[in-house]
Structure formats: C-alpha cells, structure tokens
Amino acid sequence: MSGFTIDRRTALALSLGGAATVAFPRLALAAALDEAAVDAIVRPFMAAFETPGIAVAIVRPGAPAFVKGYGVRTLGKPGAVDAHTRFGIASHSKAFTAAALALLVDAGKLGWEDPVVQHLPEFRMSDPAVTGMMTVRDLLVHRSGLPLGAGDLMFFPAGTHVAADVLKALPYLKPARGFRAGYDYDNILYIVAGLLIERVAGMAWDKFVEARLFAPLGMADAVGSRQSLRTDNVAGRHARLGPPVRGIGKLEVVQPDEGPMVDAAGGINASISDMAKWLQVQLAQGKLPDGKQLWSPEQAKEMWKPQTITAASDGPTDTNPARPVLAAYALGWFVQDYRGMRMIQHSGGLSGQVTYSGMLPSRGIGVSVLSNVEESVSAAIRNAILDRLIDAPAFDWVASYRTRQKAAQDEALASVEGGVDKAPAGGPSLPLAAYAGRYRDPWYGDVVVGQKGGRLWIDFVPTPVFKSALEPWGPDAFRTRFAKDAGEDAVVSFEIRDGKVAGVTMKPLSPLADFSYDYQHLAFVPVP
C-alpha cells in the first residue's frame with residue numbers, strides 16, 4: 001500500500017540506485033518553473049518503461065504549485081491524464097488517518113497514549129497483556145508484533161468481510177515478534193484506527209476525512225473511498241501479468257480489486273492537484289493558505305516524529321545515492337535522510353497503480369508522483385525531480401530503475417524455473433474425494449474443496465474471485481489457477497494424519513507475490 005515504504009507491490013521497490021552516467025535538466029529554484037525541464041525528466045521514464053500515465057506535483061516556497069498530467073488514463077483509450085485525474089493513492093491514506101486522529105487530539109477527544117480499549121472496548125489482540133498496552137499511537141507505527149501484511153487477505157482482493165470483522169480476527173493473528181520489539185508493516189491496525197475515529201467522532205472514517213480534511217484543504221477531487229467516485233476522469237490500472245508470474249511480461253489493463261473495508265489504510269482516491277494541496281499544508285505545519293491552523297503545530301511535529309526504526313545502513317553509495325543511513329516510521333509517514341537532509345515520505349500501491357511522495361522540510365520542497373502502473377517507476381521519477389530541485393550531483397535514475405527492474409525479474413525467473421509451469425515431484429497420497437470438505441481459518445473464514453469433472457476445485461468463500469481448479473503440485477499439495485487478473489495464485493498443502501486431512505496450509509506460488517496475499521498466515525482445520 002519507497003527505499004520502498006512497504007505497501008502492496010514490493011518486488012521492485014527497494015531504495016533505487018544505479019550508475020551515475022546521465023544528467024537531467026536542472027530545475028531552477030526561482031518562482032518560475034520551467035515546464036520543459038520537468039517534461040524532460042518525466043518523458044524518458046515513460047518511454048523507457050512503457051508507462052501509460054503519470055501525474056506530477058511539485059511544491060516550493062514562494063512559487064505556485066506545479067501540477068501536470070502525462071500520457072493516457074487507460075491503454076487503448078484516448079482519455080488523457082490531467083491535473084484532475086483521480087488515482088488510488090493507497091497507503092498515502094495512512095497520513096490522512098493520522099491527521100484525522102490529530103484533529104481529535106487537538107479537540108481533546110482522545111490522546112495518543114490512550115489505550116485503544118478505552119475507546120474500543122471490544123478490541124483484542126492474541127495476548128491479553130498486549131491488548132491492555134496497545135495505544136492509539138501503536139495503531140499507526142507498525143510495531144505491534146504482527147507479521148508483515150497480517151490479515152490482508154480479508155480485504156485484498158475485495159470480498160464479503162467488513163471493517164468491523166478485523167476486531168473479530170485480531171485475536172487469532174499470531175505475532176511474529178514481541179510487542180514494540182521491531183518493525184513489520186501492516187494495514188489491519190489502520191483499519192482499527194478508522195473504526196476508532198468513527199467511534200469517537202460519530203462519523204464514518206471516509207465522511208470524516210472528506211469533511212474535516214478534504215473540504216478545508218480545497219481537495220475538490222478527493223474522495224475517501226473508491227466507491228464514492230462519480231466521474232469518468234479516473235486513472236486506469238495496468239500490470240504485467242506474466243507468464244510465468246505477475247510482474248513480468250507486457251502491460252495489461254487490470255481491474256481495481258480493493259473494497260471499502262481498506263479505506264482507512266489505503267482507500268483515498270485523489271488527483272495530483274489534491275496532492276499538491278496536501279503537501280503544502282504538511283510543509284506549513286498544518287496551516288491553511290488563509291492562515292488558519294487545520295491541526296496544531298504540536299500535532300504537526302508529533303506526526304513527523306520517528307517512532308519505529310525500519311532500516312539502517314552505512315548510507316549512500318556510488319550506485320545508490322538514495323540509501324538512507326537511518327529510516328523510521330512516524331505517524332502515517334516514513335522519515336529518513338535523503339542527500340543529507342530529512343525526508344518525510346510515503347508510497348502507495350494497489351493492483352495496477354503505484355504512487356510516491358516525498359518532502360524535504362528544510363527546503364520547503366514537496367514532490368508527488370502518481371502512476372497508473374503496478375511498478376515503482378514513480379519512485380525513481382520522484383527522486384530525479386528532488387535531485388534537480390536541490391541541485392544534487394547528476395545521477396541516471398532511468399538506468400538505475402532499469403537495472404533494478406531487470407535484476408528483480410531475473411531473480412524471479414531463476415527462482416521459479418521449472419517450478420511454476422512444471423509441478424514438483426510427488427502427488428496426492430489419498431483418493432481425490434478424501435481432500436474434499438469445508439475448512440476454516442479462525443481469522444479469514446472458510447474454503448470449500450470439492451470435486452467436479454474428475455478434478456478438485458477450491459472456493460475461498462469470503463473472496464468471490466478466488467475460485468479455481470486445483471492441480472497436483474507435489475506431495476499432498478495443489479496449486480490454484482485463478483482468473484488472470486484476480487490475484488496471486490496459491491499452493492494449497494494438505495496435512496494428512498491417519499489417512500485423513502487434519503489441516504490445510506498455504507503459501508503464494510510466485511516469488512514476486514505482493515505481501516498482501518498473506519496465504520502463509522492461514523491455518524485451516526476441517527469443519528465437522
């Protein structure tokens with residue numbers, strides 16, 4: 001949902017570097033921005049990576065915001081990306097959830113250190129001690145102990161679960177580490193944060209951000225949920241669907257797969273004009289253009305204060321000038337060093353779209369890049385623009401991204417060679433009818449395995465698009481073949497005990513699978 005700010009599509013999105021060979025045009029810091037210079041940065045990326053559409057916002061002190069769209073909204077259709085084309089900004093929404101809570105803190109309706117159970121008495125984690133210690137702040141900073149992407153299959157792809165179901169699921173999600181012992185990115189606790197906002201404010205999360213954030217900011221194109229879009233000026237979705245795995249092959253149009261359950265973690269749809277206004281109020285520490293404070297300077301500082309260390313290294317190298325010495329998560333934002341300055345940044349990733357934003361507060365600079373493709377080219381464009389704005393040493397970000405994209409694809413191909421289209425050795429140890437039945441996971445729900453036409457079939461009951469024949473894939477294991485753009489396939493393994501199925505576990509088939517397909521967290525048992 002960045003030095004990838006881990007979101008839904010992670011495969012090609014570690015901090016971007018490459019060989020310093022080609023200089024881009026410089027962007028002057030004067031009030032008059034040379035549009036041709038921005039074009040000369042963006043267009044080579046679009047040509048090199050076949051990117052259908054891009055939208056760019058640049059905000060700087062003493063100058064009007066630069067906003068511009070490039071390319072087409074959807075391949076094969078004439079509609080152009082413009083300053084008002086709506087994109088799914090995905091996990092950029094997390095900063096809006098943090099800001100919504102900041103408004104409630106300013107109003108005295110809650111505090112960052114309030115126990116969550118003070119406002120949501122039904123809230124539970126798997127460990128009762130953690131339940132009592134979990135604060136409002138803890139919901140936002142990815143240190144709960146839950147593993148990466150825990151519970152995401154409840155809402156990616158969209159299914160029958162509703163937001164309140166996360167409160168029923170959380171007690172069954174097993175931690176990967178101790179409470180506050182380290183960093184693992186999650187979406188599910190941001191959904192809890194949305195429920196908390198609704199409980200305290202008496203207004204649904206999407207309506208709250210629309211009324212209390214979008215309206216005063218003048219974000220006229222933004223909506224809190226994709227389901228609220230009422231325009232044709234919407235960016236399409238594009239991804240490489242293989243073969244042999246997603247992330248490789250030619251770009252194809254894909255359909256949105258997120259439902260309203262995910263809104264507080266990643267549901268906002270907004271234009272690049274909206275994003276410019278958002279960056280401006282962030283850089284102004286919550287102050288609106290008319291001088292009024294939307295949130296207090298104290299809360300502005302709180303939202304940017306590092307809370308959880310996410311990465312550490314020896315810093316930039318000749319081949320990776322963006323590598324931070326230290327990176328951390330704050331409240332809805334990542335904080336790291338960039339070219340010797342503090343950068344406040346985030347990314348957003350959905351099926352078919354990836355977006356990146358970054359701010360250098362010491363320079364009053366902000367850049368947002370929205371794309372309609374399931375690749376992180378928007379990160380490289382953001383970095384290239386930031387570099388030109390601060391007059392950093394010349395660096396070829398196009399070559400850098402090309403190198404990293406090829407390396408990731410080559411690694412994926414090597415890891416699946418003979419393993420995606422050719423089944424591993426072994427097969428069923430029981431008659432097919434013995435695998436049939438209903439199986440239940442306590443946080444996700446049921447899958448039903450049946451026989452049809454001499455083959456096994458599986459139906460993921462809460463996720464309607466996940467229906468497939470099962471093909472033998474090793475000892476007592478089978479693979480799915482979901483519809484091409486439905487999502488990542490899974491390997492379904494049956495535990496056999498005393499000649500019967502005692503349990504079912506799963507894992508993603510593809511090494512490029514996004515972490516939100518968290519099949520590995522499922523543990524099904526037979527339903528009598």
Side-chain angles (χ1 to χ4, degrees), residues 1-13 51 53-55 57 85-100 140 142 148-149 151-158 163 185-191 193-194 205-206 209 213-214 219 221-229 234-239 254-272 274-275 278-279 329 332-334 345-358 367-379 381-382 487-488 514-518:
M1 91 146 14
S2 335
F4 201 54
T5 63
I6 299 177
D7 204 280
R8 293 206 63 230
R9 177 57 53 179
T10 61
L12 306 180
T51 307
I54 290 286
T85 299
R86 281 70 159 182
F87 290 76
I89 65 170
S91 280
H92 282 91
S93 305
K94 290 179 169 66
F96 288 85
T97 294
L140 306 184
H142 309 299
L148 172 66
D152 279 10
L153 272 177
M154 294 180 72
F155 35 90
F156 288 122
Y185 192 91
D186 76 81
N187 289 304
I188 197 166
L189 291 179
Y190 268 82
I191 298 175
W205 176 89
D206 61 325
V209 296
L213 293 172
F214 300 166
M219 295 176 61
D221 300 325
V223 291
S225 176
R226 182 172 61 85
Q227 284 67 31
S228 298
L229 287 170
V234 177
R237 309 280 184 97
H238 305 86
V254 298
Q255 297 304 311
D257 65 355
E258 73 277 9
M261 181 178 177
V262 77
D263 286 348
I268 292 174
N269 281 248
S271 69
I272 199 65
D274 294 325
M275 294 304 290
W278 176 239
L279 294 181
Y329 205 84
W333 292 102
F334 284 84
Q345 60 102 355
H346 218 289
S347 73
L350 296 166
S351 294
Q353 292 187 0
V354 174
T355 59
Y356 274 78
S357 297
V367 175
S368 186
V369 183
L370 312 180
S371 80
N372 60 0
V373 66
E374 196 173 289
E375 297 174 351
S376 295
V377 64
S378 50
I381 294 173
R382 180 201 68 182
E488 297 286 355
D514 186 86
F515 71 72
S516 284
Y517 296 96
D518 64 321

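In this structure, D274 contributes its side chain and A222 its backbone to a donor-acceptor pair below 3.5 Å. R382 contributes no side-chain N or O that, together with a main-chain N or O of V367, makes up a donor-acceptor pair within less than 3.5 Å. In this structure, H346 contributes its side chain and W333 its backbone to no donor-acceptor pair below 3.5 Å. Not one N or O on the side chain of E374 forms a donor-acceptor pair closer than 3.5 Å with the backbone of V354. The backbone N or O of Y517 sits nowhere less than 3.5 Å from a side-chain atom of E488 that would complete a donor-acceptor pair. Between the side chain of E258 and the backbone N or O of G266 there is no donor-acceptor pair closer than 3.5 Å. Judged by distance alone, the side chain of R237 and the main-chain N or O of S351 form a donor-acceptor pair under 3.5 Å. A side-chain donor-acceptor contact under 3.5 Å links N269 to the backbone of G267.
Atoms CZ and CG, on F515 and D152 in that order, are 6.0 Å from each other to the nearest 0.5 Å. Atom CD1 of I89 and atom CD1 of I268 lie 4.5 Å apart (nearest 0.5 Å). Of the inter-residue distances, the one linking D221 atom CG with L229 atom CG reads 10.0 Å to the nearest 0.5 angstrom. With values rounded to the nearest 0.5 angstrom, D263 atom CG is found 9.0 Å from I191 atom CD1. Rounded to the nearest 0.5 Å, atoms CG (L189) and CG (L140) are 9.0 Å apart. Here the CD1 atom belonging to I188 is positioned 8.5 Å from the CG atom belonging to D518, to the nearest 0.5 angstrom.
Put simply, the side chain of K94 reaches to within 4.5 Å of the side chain of N187, judged on heavy atoms. Contact check for F87 versus H92: no side-chain heavy atoms found under the 4.5 Å cut-off. At least one side-chain heavy atom of F156 sits less than 4.5 Å from a side-chain heavy atom of L350.
Between the side chains of Y190 and S93, no donor-acceptor pair is found at a separation under 3.5 Å. Using modelled atom types and a 3.5 Å distance limit, the side chains of D206 and S225 yield no donor-acceptor pair.
Listed by chain and number, the residues in a side chain to side chain contact (heavy atoms under 4.5 Å, CB included) with S368 are A57, I272, M275, L279, S357, L370 (sequence neighbours excluded).
Note on ring orientation: taking the six-membered ring where Trp is involved, the planes of F214 and F96 are perpendicular (angle over 60°, cut-offs 30° and 60°). Ring geometry for H142 versus Y185: interplanar angle under 30°, hence parallel rather than tilted (30 to 60°).
Across V254 and G352, no two heavy atoms sit closer than the pair CG2-CA, 3.9 Å.
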